[in-house]
Amino acid sequence: MVTTVRAATVADAEAVIGLWAAAAGPTRLPSDAGAVARLLERDPGALMIVEADGAVVGTVILGWDGWRAHLYRMAVRPDHRREGVGRLLLDAAAARARAVGARRLDALVHDGNELGAVFWARLGFVRDGEDRRWTRPL
């Protein structure tokens, strides 16, 4: 299997939306290709993907507000979980966060997402108080 980590392009939007529908946790704001295009227009490097043999198998968005780095839409196709795809995405996001000057990563994890909580804990994140934020210093 050939695996590549790269910034998404508008051409990836439909594949990304399909992955999110199949593999991402619950969200109150469903996405569409237009939303992905707007994100990439505003911040071309924010959405990172992992491709395996040409198919999008993982995504993460790194948002940077000048103060904190936020991780969104971490999703890995179920048949590619436990293969290191999530770690590849997190490493790429952490490198980008360091490059822009972030000192900490924040990930919002839905309260019912036990699989996500285990994933973030394994990668050194700690639940921050009573909100849904999991954090890790860089």
Side-chain angles (χ1 to χ4, degrees):
M1 171 175 49
V2 177
T3 304
T4 305
V5 181
R6 64 175 175 81
T9 67
V10 173
D12 299 309
E14 291 298 331
V16 166
I17 296 302
L19 174 68
W20 289 346
T27 182
R28 283 183 235 142
L29 295 172
S31 298
D32 58 32
V36 172
R38 285 188 299 280
L39 168 67
L40 296 176
E41 182 179 315
R42 184 186 174 286
D43 187 352
L47 174 57
M48 289 162 264
I49 64 172
V50 170
E51 286 182 316
D53 297 326
V56 175
V57 298
T59 66
V60 70
I61 296 171
L62 178 81
W64 169 245
D65 63 11
W67 182 257
R68 291 187 180 106
H70 303 277
L71 298 167
Y72 304 96
R73 305 307 282 172
M74 170 68 84
V76 176
R77 214 168 76 183
D79 61 332
H80 283 275
R81 291 182 181 155
R82 311 246 347 126
E83 295 177 0
V85 171
R87 183 175 296 278
L88 286 172
L89 287 163
L90 184 58
D91 289 349
R96 185 168 191 265
R98 283 186 196 94
V100 298
R103 297 182 2 203
R104 181 178 89 188
L105 292 172
D106 289 347
L108 294 179
V109 181
H110 189 275
D111 287 333
N113 186 350
E114 292 179 23
L115 182 63
V118 169
F119 169 79
W120 293 110
R122 281 189 181 144
L123 293 174
F125 284 73
V126 177
R127 187 173 178 148
D128 186 11
E130 294 185 20
D131 61 15
R132 297 180 307 175
R133 184 179 345 168
W134 289 65
T135 64
R136 186 182 90 180
L138 285 171

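None of the values given here were measured: they were computed from a predicted structure.
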Original post:
Does some side-chain heavy atom of V56 sit less than 4.5 Å from a side-chain heavy atom of W20?
Top reply: no
Original post:
Taking atom CG of L89 and atom CG of L62, what is their separation to the nearest 0.5 Å?
Top reply: 11.5 Å
Original post:
Just wondering, are more than 12 heavy atoms of other shown residues or ligands nearer than 6.0 Å to CZ in R87?
Top reply: no
Original post:
Among the clusters formed by ILVMFWY side chains lying less than 4.5 Å apart, do V126 and V109 turn up in the same one?
Top reply: no
**OP:** State, to 0.1 Å, how close L88 and V50 come at their nearest heavy-atom pair, and which atoms those are.
**Re:** CB-CG2, 4.3 Å
Original post:
Between A33 and E14, which heavy-atom pair has the shortest distance, and what is it?
Top reply: CB-OE2, 3.2 Å
**OP:** Evaluate the side-chain proximity of R81 to L115: yes if any heavy-atom separation is below 4.5 Å, no if none is.
**Re:** yes
Original post:
Is M48 linked to W64 within one hydrophobic cluster, defined over Ile, Leu, Val, Met, Phe, Trp and Tyr using a side-chain heavy-atom separation of less than 4.5 Å?
Top reply: no
**OP:** Report yes if the side chains of L39 and Y72 come closer than 4.5 Å at any heavy-atom pair, otherwise no.
**Re:** no
Original post:
Is the closest side-chain heavy-atom distance between D12 and R6 below 4.5 Å?
Top reply: yes
Subject >> Residue pair L71 / I61, side-chain heavy-atom distance below 4.5 Å >> reply: no
Original post:
Counting distance only, does the side-chain N/O of R38 pair as donor-acceptor with the main-chain N or O of G34 below 3.5 Å?
Top reply: yes
**OP:** Report yes or no: do V10 and L19 belong to one cluster of Ile/Leu/Val/Met/Phe/Trp/Tyr joined by side chain heavy-atom distances under 4.5 Å?
**Re:** yes
**OP:** Looking only at non-hydrogen atoms, find the nearest pair between P78 and A23 and report the distance.
**Re:** CD-CB, 3.8 Å
Original post:
Taking the side chain as C-beta and beyond, is there a heavy-atom pair between F125 and L105 under 4.5 Å?
Top reply: yes
Subject >> Close side-chain approach of T59 to L47, heavy-atom, < 4.5 Å >> reply: yes
**OP:** First locate atom CZ of R68, then atom CZ of R103, and finally report the distance between them rounded to the nearest 0.5 Å.
**Re:** 11.0 Å
Original post:
With a 4.5 Å limit on heavy-atom distance, are the side chains of L108 and H70 in contact?
Top reply: no
Subject >> For G58 against V85, the heavy-atom pair lying closest together >> reply: CA-CG1, 4.0 Å
**OP:** Would you name the heavy atoms of A55 and R77 that are closest together and state the gap between them?
**Re:** CB-NH1, 4.0 Å
